[in-house]
2 protein chains.
Amino acid sequence: MGVKIRKSKQRNRILEVLQSSRNHVTANWIYDELRPEFPSVSLGNVYRNLNILVDQGLVNRLGFGSNVDLYEAVREPHYHFVCDRCGAVEDVRVPEDLQHRVESRISRDYGHVVTSKSVEFHGICRACRADGVTM
Amino acid sequence: MGVKIRKSKQRNRILEVLQSSRNHVTANWIYDELRPEFPSVSLGNVYRNLNILVDQGLVNRLGFGSNVDLYEAVREPHYHFVCDRCGAVEDVRVPEDLQHRVESRISRDYGHVVTSKSVEFHGICRACRADGVTM
DNA sequence: GTATCTGCAAAACATTTGCCCTTTG
DNA sequence: CAAAGGGCAAATGTTTTGCAGATAC
């Protein structure tokens, strides 16, 4: 059996910060957010607690091809759009039925059970397009 | 204008290795593959060349939430399925029309242009299911 | 010949871990 | 008070980079 998890002010605050943030943020950004309230908090502890929150299914860790992980509080399932020009990461929603059709294809054709998905579309976002980016 | 790219035996071999490999492999694995032919090749140079090949659009870099990047030669577009139990990464194909419907929804609803996608489904693969994994 | 490529080793970087003290229950 | 959490600093592991010599064109 695993380790028992107790309450912790720091971990609580980390979750709150994530839930009240609209963007996908780095561990280091969270660390800076916590410092006013917990002046002696350590970055290592932010990482430790993020790992716990991810294990608990309360937070998603996102790679996005960069070498820095981003974190977001778990909400309704959604996909991500990453702009290759400006780097912006935006949530996108795709109708449930389209999502289900893709996943049931995978079940049917391959026999795998899909429990979660991490989908990122890359391209040029609306704002960059408006700026006349052609590529 | 960028830097001119010359031919290089090592980079050529790296691409061949990727093209003849069915799996998604690490830089370090490629490094080991090259050593018989280029005994003094360096891991740093493998990384340098992988970056060039990715820039040239010949190779995909895949994060998969792990802290090690995986590489694959570029072929037809496809998605990935990652087994959370055994870590296996498998290519999955989804009918073109379903892919296009998802992407045109993003264009229509958000105004972004989708040029590529990196899609990973997570779950339990067929083999692990057969082994009686319940989760 | 000159710009690019390479090997080597060191640097950079995010993330993890060990140790010992503090807090929680 | 026993077990989990935190701070600190060192360790880890992957990827990048600076430099001097080798290679491509």
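Values below: every heavy atom of this structure, side chains too, minus hydrogens, waters and symmetry copies. The sequence lines fix the lettering, A, B, ..., with proteins before strands; numbering per chain opens at 1.
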(request) Please report, rounded to the nearest Å, how far the P atom of D:dA10 is from the CG atom of A:L43. (result) 16 Å

(message) So B:L70 and B:T26, do their side chains get closer than 4.5 Å, heavy atoms only?
(response) yes

(request) Group every Ile, Leu, Val, Met, Phe, Trp and Tyr by side-chain heavy-atom contacts under 4.5 Å, then state whether B:V54 and B:L15 land in the same group. (result) yes

(message) What is the distance, to the nearest angstrom, from the CG atom on B:N28 to the P atom on D:dT12?
(response) 17 Å

(request) Measure from the side-chain heavy atoms of B:S42 and tell me the nearest of C:dG7, D:dG7, C:dT15. (result) C:dG7

(request) State, yes or no, whether a side-chain contact exists between A:Q10 and A:V46 at a heavy-atom distance under 4.5 Å. (result) no

(request) Using atom NZ of B:K4 as one end and atom C1' of D:dA24 as the other, report the distance to the nearest whole Å. (result) 12 Å

(request) Rounded off to whole Å, could you give me the CZ-to-C1' distance for the B:R61 and D:dT15 pair? (result) 9 Å

(message) Could you check whether any side-chain heavy atom of B:R61 comes within less than 4.5 Å of a side-chain heavy atom of B:L50, counting everything from C-beta outward?
(response) no

(message) If I take atom CZ in residue B:R35 and atom P in nucleotide C:dT6, what distance separates them, rounded to the nearest angstrom?
(response) 17 Å

(request) For C:dT6, take OP1 and OP2 only and decide whether either is under 4.0 Å from a side-chain N or O of B:N49. (result) yes

(request) Return the value, rounded to whole Å, for the distance between atom CG of B:L50 and atom P of D:dT16. (result) 9 Å

(request) Taking only heavy atoms on the protein side, list every residue of residues 51-60 of chain B lying under 4.0 Å from any atom of DNA chain D, sorted numerically. (result) B:N51

(message) How many whole angstroms separate atom CG of B:D69 from atom P of C:dA14?
(response) 15 Å

(request) Answer yes or no: does a side-chain N or O of B:Q10 lie under 4.0 Å from OP1 or OP2 of C:dT6? (result) yes

(message) Does the protein touch nucleotides 17-24 of chain C at the base, only the backbone, or not at all? Give it as B, S and - per nucleotide, heavy atoms under 4.0 Å.
(response) BB-----B

